[in-house]
Amino acid sequence: MKNIKLLIVLLLPMTILAQSIDRTKAPLPGKAPIIQVGNPVKYTLPNGLQVFVVKNTKLPSVTATLALDLDGFAEGDKAGLADMAGQLLKRGTTTKTKAVLDESIEYLGGTLNTSSQSASVSSLKNNFPQLMSLLAEVVLRPALSSDELEKVRKQTISGIESNKDEPNAISKNVMKKLVYGANHPFGEITTSKTVNNVRIEDVKKFFATYWKPNIAYLVFVGDIDPLVAKQIAEKNFGAWEKGNVPNTVFTKINKPAKSYVAIVDRPASVQSVVSVATTVDLVQGTSSVIPSSVMNNILGGGFSGRLFANLREKHGFTYGAYSSLVPNRQVGMFEAESSVRNEKTDSAIQEILSEINKIRDEKVGDAELGRMKNYLSGGFARSLENPATIAGFAFNVARYKMPTDYYQKYLTNLAAVDAQNVQDAAKKLLDPYSMHIVIVGNAKQIAKGLEKYGPVKYFDFEGNEVAAPVEAKADASLTPEILLQKVVNAIGGKEAIAGIKDLQLKGTASVMGQALDMTQTYILPGNTVSIMSMGGMAIMKQAVVEGKYSVSQQGMEAPITDEIKEGLDEAAAIAPEALYLTKGYQLKIVGAEKVEGKDAIDVEVTTPSGKKSHRFYDAKTYLLVKTAKSQEVPGRGTVTQQQFFNGYKTVNGIQLPTEEIVDMGQMKINIKYTDIKANQGLKITDLK
């Protein structure tokens, strides 16, 4: 009975409280707490190396990161030197070749990574001291071999060449050069020429100049005692000699007097990469960073940002639209970007600038502001679960001379941000009339009307200003029939084409970093099988054999439509141009454009079922250089697939492309045929 009475006593205050609560109103938010962020143990070695230790015993592993406190440095005509040096660092030491070093790291079950300004290792606790010895050897006694430099150079140039055709990479390069300037350390662009200027002596000088312990931090995170970490640091890096590191003087960046439009013409593009950017005076750790972060996240910091809601959800221009705000003690940067359909480029710029104006001119509503602050506070709280976060906080406080209680008071300062603070941040940092607007896309399709945003200028993929592209024009005397006859003659002529009874092309198809086998076999007339495979298993297969059509992907058969039949009939002909003149196709020369820098004649082809596509023929050689076909895809709008043809080679008297690039926007397939044979005596049974 006593227990029952006690229960009643305990419940009585709750009942009274419940009666006094108005449940029609949301409770007021409580006062933001001051977070007790754990402080790492700190040491400073005699040579100036600062050591931070964050002990965490959840897992029996340890990570150590050595990082330099550098803002940047000018590389001039050797741009790329620092990145190449960072790659070279882990390619052997004075006592170990790259192979031996890699084997030693693997034996310890660890990882070792290096960059231009950092080096890190990670392993289980028991093997960690040995791995730290390897890190010290890599940092203090690198081999810096000329042979390894050449391998790094080759890989770097390969990446540069690949990025020449990557719209987002082009946009980033051009934007940073225009925003910061060609002579600013942040604006330098790495090119094949600058990479080829780098010598091993430059790499050695780079390390001798900048890699000094008195501007370095060594951060330990994991299952390690602070005293043990100190002993490991002293043992491995105590003899590292300090020195004077040059302090790069950064020139002041002047914003453009008024906004302008920079177009990088890429005729192959079926969508435009649009970026709007400016420099900002925003230093990490200052009082303006938190309200500025709230402002940027409301504008374009993810799926809940205004840019995303506007450009994707409201207008359907794109898959996504975002903005970023990067503080820096030298010069920060704001950028809003999106990839949009060509025909919506003008509209997308207008909406981006409209949203920038709106967040400057109108105070954000309480509900939207509250949601964003809750989102950011939740992300901050979750980040504290990772011990590396604590180490990062300590690193920031030391590097940027931030208040020691900056992160303890983060939630309190975040909660204090109001609508006026957000608007003030927008007005201070964002001027829509003094922006760099960079567009990578098909100038012919997007340039009209852009002058309303400012002067329109043209640049190449390295950010050098160039003349506006001259619109290609087709020969007015050409008719479709005359053109196709020239095409047939360019391929080799009717007799040579008719002389091909069977044809087989073998090679490789590169898809998202994967190398697949590619085989295309013809039995003429009218039969073909195309197979893309991996390890003998067909990934994709399409065929027309004795009038039977099939298309499959990973074993799943696709339904056969009239459109697919027409496509397979074209694929089964070495020169489908002959079909166009005899099978009810409609042809129209609609103009010309540049394809990979050369004039090409644009022919619109309408199939008997009414489907349209375009074929582009070199205006001088009359060989096919590109095809383009657009179709509506549910949820994605209009999607254009382009196919480029290069590397023509004569086989049994006819010209055949040995390289094909299938560009589907989100994915590319690079096909190279290395084995082409004709008239081997193949039979229909060889296709089944």
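Across P167 and V440, no two heavy atoms sit closer than the pair O-CG2, 4.0 Å. When every heavy atom of S293 is checked against every heavy atom of L325, the shortest pair comes out as N-CD2, 4.5 Å. Listed here is the closest heavy atom pair of F237 and L140: CD2-CD1, 4.3 Å. Scanning all heavy atoms of the two residues, the minimum distance from M295 to L429 falls at CE-CD1, 4.2 Å. Of all non-hydrogen atoms in K96 and L101, the two that sit nearest each other are CB-N, 4.3 Å. In terms of heavy atoms, V41 sits closest to P226 at CG2-CG, 3.7 Å.
Atom-to-atom distance recorded for L88:CG and S116:OG is 13.0 Å, nearest 0.5 angstrom. To the nearest 0.5 angstrom, T114 atom OG1 is 8.0 Å from Q87 atom CD.
F395 has its ring centre no less than 6.0 Å from the ring centre of F52. Two rings, from F186 and F250, have their centers less than 6.0 Å apart.
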Practice item. Evaluate side-chain hydrogen bond (donor to acceptor under 3.5 Å, both in side chains) for E161 paired with S192, printing each intermediate quantity in order. Key: CA-CA 8 Å; E161 293 301 315; S192 297; 3.0 Å; yes
Review point. Going through the checks in order, is the side-chain contact (heavy atoms from CB on, under 4.5 Å) test met by E137 and T95?
Key: CA-CA 9 Å; E137 189 171 347; T95 62; 2.3 Å; yes
Exercise for review: Using the side-chain hydrogen bond (donor to acceptor under 3.5 Å, both in side chains) rule, take S324 and E335 through it: C-alpha gap first, then chi angles, then the decisive distance, then the call.
Suggested key: CA-CA 5 Å; S324 60; E335 182 177 13; 4.7 Å; no
Check your understanding: What do the steps show when you test Y217 against D69 for side-chain contact (heavy atoms from CB on, under 4.5 Å), and what is the final call?
Key -> CA-CA 8 Å; Y217 302 85; D69 185 3; 3.6 Å; yes
Exercise for review: Evaluate the criterion salt bridge (Lys or Arg N to Asp or Glu O under 4.0 Å) for residue pair D431 and K255; output intermediate values, then yes/no.
Suggested key: CA-CA 10 Å; D431 180 358; K255 296 183 179 182; over 6 Å; no
Practice item. I would like to know whether F380 and F393 meet ring-ring contact (aromatic ring centres under 6.0 Å, His included); could you show each step before the answer? Key: CA-CA 12 Å; F380 179 81; F393 288 169; 5.8 Å; yes
Exercise for review: Verify side-chain contact (heavy atoms from CB on, under 4.5 Å) between L430 and L299, making sure each step is shown before the conclusion.
Suggested key: CA-CA 11 Å; L430 309 181; L299 177 62; 4.2 Å; yes
Exercise for review: Go through the steps for Y407 and N396 under the test side-chain hydrogen bond (donor to acceptor under 3.5 Å, both in side chains), then give the verdict.
Suggested key: CA-CA 10 Å; Y407 292 104; N396 286 343; 3.0 Å; yes
Practice item. Kindly determine whether K177 and E188 satisfy side-chain contact (heavy atoms from CB on, under 4.5 Å), including the steps that lead there. Key: CA-CA 6 Å; K177 185 171 183 178; E188 293 177 337; over 6 Å; no
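No more than 12 heavy atoms of other residues, nucleotides or ligands shown are found within 6.0 angstrom of CD on E106. Heavy atoms of other residues, nucleotides or ligands lying less than 6.0 angstrom from NZ of K598 number 12 at most. Atom CG of N244 is surrounded by 12 or fewer heavy atoms from other residues, nucleotides or ligands within 6.0 Å. Within 6.0 Å of CD in E150 there are more than 12 heavy atoms belonging to other residues, nucleotides or ligands. Few gaps surround CG on N646; more than 12 heavy atoms of other groups in view lie less than 6.0 Å from it. Other residues, nucleotides and ligands place no more than 12 heavy atoms under 6.0 Å from the CG atom of D281. Atom NZ of K258 has 12 or fewer neighbouring heavy atoms from other residues, nucleotides or ligands inside a 6.0 Å radius.
Residues E462 and T191 have side chains that never bring a donor and an acceptor to within less than 3.5 angstrom of each other. Between the side chains of S120 and T65, no donor-acceptor pair is found at a separation under 3.5 Å. With hydrogens and angles left out, the side-chain atoms of N47 and K212 include no donor and acceptor closer than 3.5 Å. Using modelled atom types and a 3.5 Å distance limit, the side chains of S323 and N296 yield a donor-acceptor pair. At a cut-off of 3.5 Å, with distance as the only test, no side-chain donor of T44 or Q50 sits close to an acceptor on the other residue. Side-chain polar atoms of Y107 and N127 form no donor-acceptor pair below 3.5 angstrom.
Test I170, V466, N173 against V264 for side-chain contact (heavy atoms from CB on, under 4.5 Å) and you get one pass: I170. With I105 as the fixed residue, the side-chain contact (heavy atoms from CB on, under 4.5 Å) test singles out one of V100, V121, L131, T111: L131.
Between K98 and D102, at least one side-chain nitrogen of the basic residue sits less than 4.0 Å from a carboxylate oxygen of the acidic one, meeting the salt-bridge criterion. With respect to the salt-bridge test (charged N to carboxylate O, under 4.0 angstrom), the residues E465 and K457 do not qualify. The residues E385 and R382 are annotated as not salt-bridged, no charged nitrogen and carboxylate oxygen being separated by less than 4.0 angstrom. Taking a cutoff of 4.0 Å between a charged side-chain nitrogen and a carboxylate oxygen, K55 and D223 do not qualify as a salt bridge. Between D460 and R266 there is no salt bridge, since no side-chain nitrogen of the basic residue lies less than 4.0 Å from a carboxylate oxygen of the acidic one. No salt bridge links K78 with E75; every basic N to acidic carboxylate O contact stays at or beyond 4.0 Å. A salt bridge does not link K204 with E201: every distance from a Lys NZ or Arg NE/NH1/NH2 to an Asp or Glu carboxylate oxygen is 4.0 Å or more.
Between the side chain of N236 and the main chain of I232, a donor-acceptor pair closer than 3.5 Å is present. Although no hydrogens or angles enter the test, the distance criterion places a donor-acceptor pair under 3.5 Å between the side chain of S292 and the main chain of S288. Between the side chain of T194 and the backbone N or O of A79, at least one donor-acceptor pair lies under 3.5 Å. In this structure a side-chain-to-backbone donor-acceptor pair under 3.5 Å is present from D265 to A443. In this structure, the side chain of S269 does not engage the main chain of S272 through any donor-acceptor pair within 3.5 Å. The backbone N or O of S383 sits less than 3.5 Å from a side-chain atom of T389, completing a donor-acceptor pair. In this structure, the side chain of S259 engages the main chain of M435 through a donor-acceptor pair within 3.5 Å. No side-chain donor-acceptor contact under 3.5 Å links R399 to the backbone of L68. Without hydrogens or angle criteria, T286 side chain to L282 main chain gives no donor-acceptor distance under 3.5 Å. Of the possible donor and acceptor atoms, none in the side chain of W240 sits under 3.5 Å from a partner among the backbone N and O of L49.
You'll find the side chain of T279 stays beyond 4.5 Å of the side chain of N254, heavy atoms only.
Using a 30° and 60° split on the angle between ring planes, F207 and W211 fall in the perpendicular class, above 60°.
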